[in-house]
S.K.: 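Quick one: structure below, then a few questions.
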Amino acid sequence: MGIPFFFKNMQTTDLRASPTIAKRAVLIGTVLIIANSYWIAYVEMIWHTAHLTTVAMSVNVMFGILAMTLLNIGVRRISPRIALEPRDLLVVYSMLAVGSAFSGHDCIPRLMGLIPYAFRFATPENDWEALLFHHLPEWLVVKHPKTVNDFYEGEVNFFTEGYVQYWIVPILAWSAVIFLLMLIFLCLTALLRKQWIENEKLAYPIIQIPLEITTNRHIFRNRLLWIGFGIAMGINLLNGLQFFFPVLPEIPVRKYNLNIYFTQKPWNAMGSTPLRFHPYLIGFSFILPLDLAFSCTFFYLMKKAQLLFGSTVGISTLQGYPFFGEQGAGALLALLAIACWSGRKHFASVMRQVIRPNPAEAKTEAISPRSAVITLAVCLLLLAVFCVRGGMSLWAFAIFIGIYLAIVVGLTRMRAELGPPMHAIGYLTPQYMMISLLGTRRLRAGNLTMLSLLNWLSGASYASFRTHPMPEQLEAFKLAERTGIRNRTMFTVLVIASLVGILSSLVLYPYAIYSEGVAAGSEQIHAGGADTYNFLSSWLVNPKPTDWLATSVLGLTFAANLGIMFLRSRFVWCPLHPAGYVIGVAPGTTDVIWFPLLLAMITKWLILKHGGINAYRKAVPFFIGLVLGEALMGCFWPLLSLVLRSAVYSWI
């Protein structure tokens with residue numbers, strides 16, 4: 001599956017004139033990452049609004065590249081010599097995307113919450129002091145009473161009032177973990193790059209709009225683009241003003257929900273079924289493959305049917321039913337298994353390169369296969385030392401990291417191939433799978449403690465892996481391939497972006513929290529701590545055996561999705577895809593995207609059916625305009641919140 005034909009047809013800039021990038025592009029990317037970390041600290045972490053990084057094509061990153069592109073157009077007219085080239089703009093985009101991944105909504109904000117949480121919320125009723133405290137590694141948490149109390153109360157200065165001495169060790173320890181993981185992801189990306197970019201030529205839908213607006217000099221002259229832009233911007237402008245002045249009318253983009261019509265049993269078991277009309281999601285969904293949109297919608301409705309069936313026949317009370325986590329895991333692992341089988345020749349070639357390197361071939365790679373494998377092994381070893389030092393057994397670490405990396409690589413493949421607008425995969429975490437497969441008795445307290453402390457790496461349990469850096473890294477290499485940037489140059493740029501993103505967030509986030517305090521609405525901070533220690537205490541107090549039923553569901557779903565992939569390979573008309581299964585059965589955030597996907601799918605199908613390819617090409621700028629318009633106003637209000645020091649209208 002290649003690049004959508006509209007984007008092939010409209011690119012007019014010569015992207016391969018020079019493989020070099022401007023150093024100032026890296027400097028601009030670095031500055032924007034730091035500014036972005038400060039912004040996310042308040043908007044997403046403290047005030048829990050805007051949710052800019054919860055979608056696959058992060059709204060803050062899209063806003064950043066749009067603003068940089070428009071500014072660059074102005075600079076080019078005044079002084080062409082200092083203007084950035086398209087490849088430089090895409091370097092800035094890649095840096096900001098990777099720098100935002102771990103610092104975004106679901107990751108480091110949750111880490112901030114778990115570090116002091118146990119020592120704030122331990123009570124005689126939960127008996128955490130006796131149950132948990134002696135298991136917690138002191139170098140990963142903060143327990144000094146005043147430091148913990150002021151973390152939640154705020155109105156103090158983190159840097160000048162003595163708090164740094166209690167935070168420095170946990171910050172350094174966790175920053176080492178994050179950077180090691182970033183290197184692991186980069187090495188895996190480097191090993192997979194050739195197969196998934198050059199050999200299979202996957203579609204990478206998510207990068208198409210940034211690529212189009214930075215490389216096509218005529219796109220901003222298209223009237224349909226500005227019509228879409230105006231509609232999306234107008235909706236967000238009016239709704240943002242209505243937030244401050246309730247007398248104004250509101251355009252209800254997120255008001256309607258079908259659950260008001262299903263209030264009696266068994267229909268009420270289907271739960272919330274919202275009808276969202278977000279221009280950003282509709283515009284982005286329009287450029288996605290039709291089979292992805294159909295699969296997500298089909299399996300979303302299948303999920304509702306399972307809930308309805310369970311209530312009707314009385315099995316909804318069965319523990320774990322309907323096993324959405326296991327179903328998602330089975331589908332994702334099937335997708336990964338097929339991808340590995342398809343790339344078996346490439347992996348054999350990589351192993352030959354590791355044993356007998358070919359210098360000429362290695363020069364074209366981001367890092368030579370031998371160096372990638374050695375770096376990967378060293379990082380895994382250091383990560384194992386960290387976990388064993390924290391109380392985890394080596395065998396438990398091996399299972400944990402194996403499951404975690406399998407999920408991450410499967411997620412990256414899913415996003416590269418089909419690019420879902422959100423890729424939250426609820427309850428699909430290494431911890432969840434290990435507890436189902438092994439139970440808690442075999443794992444023992446030390447393993448359970450480290451598993452709970454590492455839970456933040458997967459994000460919220462109901463929306464796991466909603467933000468992650470590895471898909472962003474692979475997309476950056478795809479942009480490098482499209483624009484002629486050397487892979488080694490992009491590798492270096494991504495290492496810089498990772499370092500800056502990690503350090504800026506781990507320094508600025510404690511500063512923001514100690515300045516503002518933890519509000520009641522700071523959901524990710526509270527949830528990061530609550531999930532960690534509630535899971536741990538429940539595992540210790542109520543041991544669980546292996547869940548054979550859940551494991552069977554995982555195996556059956558794996559086999560079913562292998563069958564779906566077999567059908568796709570034999571019948572071109574088969575519209576189902578395991579990626580749609582993963583997204584469709586995920587709880588929570590799929591409710592947000594299913595209706596925009598359905599609207600975009602029907603619109604695209606009708607245009608192609610009645611107008612053909614030419615009509616589709618003409619329509620695409622309108623939908624790009626929807627994305628850009630909501631990105632602009634969707635980020636204007638959160639920027640204003642930094643001035644007002646309070647929450648404002650949220651686009652989603």
Side-chain angles (χ1 to χ4, degrees), residues 56 106 185 188-189 192 195-196 200 202-203 205-206 288-289 291-292 295-296 298-300 302-303 306 320 322-343 399-437 457-472 474 547 550-568 576-590 593:
D106 289 330
F185 303 147
L188 288 173
T189 302
L192 294 167
Q195 175 64 16
W196 289 0
E200 295 189 44
L202 301 179
I206 287 172
L288 300 182
D291 55 353
L292 171 70
S295 291
C296 287
F298 176 85
F299 288 116
Y300 175 78
M302 186 193 76
K303 177 181 76 172
Q306 290 182 54
F323 306 101
F324 288 140
E326 287 78 10
Q327 289 189 56
L332 189 68
L333 293 176
L335 180 64
L336 178 61
I338 294 296
C340 291
W341 177 255
S342 300
I399 296 174
F400 167 79
I401 199 66
I403 295 174
Y404 179 76
L405 293 180
I407 294 172
V408 169
V409 174
L411 172 71
T412 303
R413 170 70 185 206
M414 179 173 70
R415 182 157 149 173
E417 187 172 353
L418 293 173
M422 280 188 181
H423 46 66
I425 41 182
Y427 304 113
L428 205 175
T429 68
Q431 290 83 352
Y432 188 89
M433 292 180 67
M434 288 180 71
I435 297 300
S436 292
L437 293 170
L457 288 171
S458 306
S461 57
Y462 64 88
S464 309
F465 296 96
R466 193 160 41 182
T467 57
H468 201 276
M470 187 169 170
E472 309 282 3
L474 185 64
D547 191 337
T551 304
S552 300
V553 170
L554 190 155
L556 289 172
T557 311
F558 176 81
N561 280 272
L562 288 180
I564 289 174
M565 291 300 290
F566 175 79
L567 288 176
R568 286 179 62 86
L576 300 180
H577 196 284
Y581 199 118
V582 176
I583 302 300
V585 301
T589 52
T590 310
I593 65 172

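Everything quoted here is computed from the prediction, not taken from an experiment.
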S.K.: Taking C-beta and beyond as the side chain, do Leu405 and Leu188 meet within less than 4.5 Å on heavy atoms?
M.R.: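 The answer is yes, as the side chains (C-beta and beyond) meet within the 4.5 Å cut-off.
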S.K.: For a 4.5 angstrom cut-off between non-hydrogen side-chain atoms, does Leu411 reach His423?
M.R.: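 Counting from C-beta outward, Leu411 and His423 do come under 4.5 Å.
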S.K.: Does the Thr590 side chain pair with the main chain of Ile583, one donor and one acceptor, at a distance under 3.5 Å?
M.R.: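 Yes.
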S.K.: How about Glu200 and Ser342: does a side-chain donor come under 3.5 Å of a side-chain acceptor?
M.R.: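 No donor-acceptor contact under 3.5 Å links the two side chains.
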S.K.: Taking the side chain as everything from C-beta on, heavy atoms only, tell me whether Lys303 gets closer than 4.5 Å to Gln327.
M.R.: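 No - every pair of side-chain heavy atoms lies 4.5 Å or more apart.
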S.K.: For residues Leu576 and Leu567, determine if any side-chain heavy atom of one lies less than 4.5 Å from a side-chain heavy atom of the other.
M.R.: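 When only atoms from C-beta onward are counted, Leu567 and Leu576 do not touch, as no gap falls below 4.5 Å.
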S.K.: Give, for atom CD1 of Ile407 and atom CG of Leu332, the distance between the pair rounded to the nearest 0.5 Å.
M.R.: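 If we round to the nearest 0.5 Å, Ile407:CD1 and Leu332:CG are 7.0 Å apart.
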S.K.: Kindly indicate whether the side chain of Arg415, heavy atoms from C-beta on, has any atom under 4.5 Å from the side chain of Leu474.
M.R.: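 In short, these two side chains do not touch, never coming nearer than 4.5 Å.
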S.K.: In Å, rounded to the nearest 0.5 Å, how long is the span from CG of Leu292 to NE2 of His577?
M.R.: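 Rounded to the nearest 0.5 Å, the CG-NE2 separation comes to 8.0 Å.
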S.K.: About how many Å separate CD1 of Ile399 and CE of Met434, when rounded to the nearest 0.5 Å?
M.R.: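 It is 5.0 Å, given to the nearest 0.5 Å.
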S.K.: Which atom names give the shortest non-hydrogen contact between Pro205 and Ala416, and what distance separates them?
M.R.: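 So the minimum-distance heavy-atom pair works out to CD-O, 3.8 Å.
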S.K.: Do Glu326 and Thr551 come within less than 4.5 Å of each other through their side chains, counting heavy atoms only?
M.R.: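 Not in contact.
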S.K.: When rounded to the nearest 0.5 angstrom, what is the spacing between OG1 in Thr557 and CZ in Phe324?
M.R.: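 Here the rounded value is 11.0 Å.
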S.K.: For the residue pair His468 and Phe465, categorise the inter-ring angle as parallel (less than 30°), tilted (30 to 60°) or perpendicular (more than 60°).
M.R.: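 The rings of His468 and Phe465 sit tilted, inter-plane angle from 30° to 60°.
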S.K.: May I ask you to decide if Thr429's main-chain N or O and Ser464's side chain share a donor-acceptor pair within less than 3.5 Å?
M.R.: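 Not at all, since once roles are kept as given, no pair shorter than 3.5 Å links the two residues.
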S.K.: Give me the atom names and distance for the closest heavy-atom approach of Ser436 to Ala550.
M.R.: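 Residues Ser436 and Ala550, closest heavy atoms: OG-CB, 4.4 Å.
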S.K.: Would you say that Ile338 contacts Arg568 through its side chain, given a criterion of any heavy-atom pair below 4.5 Å between the two side chains?
M.R.: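 The answer is no, as the side chains (C-beta and beyond) never meet within the 4.5 Å cut-off.
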S.K.: Restricting to non-hydrogen atoms, name the atom on Glu472 and the atom on Ala56 that form the minimum distance, rounded to 0.1 Å.
M.R.: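 Answer, listing the atom of Glu472 first, then Ala56: OE2-O, 3.8 Å.
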S.K.: Between CD of Glu417 and CG of Leu335, what distance do you get to the nearest 0.5 Å?
M.R.: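 Taking CD in Glu417 and CG in Leu335, the distance rounds to 6.0 Å.
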S.K.: Please test Leu333 against Met433 for side-chain contact (heavy atoms from CB on, under 4.5 Å), starting from the C-alpha separation and ending with a verdict.
M.R.: CA-CA 12 Å; Leu333 293 176; Met433 292 180 67; 4.3 Å; yes
S.K.: Go through the steps for Val585 and Tyr581 under the test side-chain contact (heavy atoms from CB on, under 4.5 Å), then give the verdict.
M.R.: CA-CA 6 Å; Val585 301; Tyr581 199 118; 3.7 Å; yes
S.K.: Would you indicate whether the side-chain heavy atoms of Leu418 and Asp291 approach each other to under 4.5 Å?
M.R.: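 When only atoms from C-beta onward are counted, Leu418 and Asp291 do touch, with a gap below 4.5 Å.
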S.K.: Rounded to the nearest 0.5 Å, what separation is found between the CH2 atom of Trp196 and the OG1 atom of Thr412?
M.R.: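 Reported to 0.5 Å precision, the distance equals 6.5 Å.
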S.K.: What's the shortest heavy-atom distance between Leu457 and Tyr404, and which atoms?
M.R.: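 Taking every non-hydrogen atom into account, O-OH, 3.9 Å.
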S.K.: What pair of heavy atoms forms the shortest contact from Leu288 to Pro421, and how long is it?
M.R.: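 Of all heavy-atom pairs spanning Leu288 and Pro421, the closest is CD1-CD, 3.5 Å.
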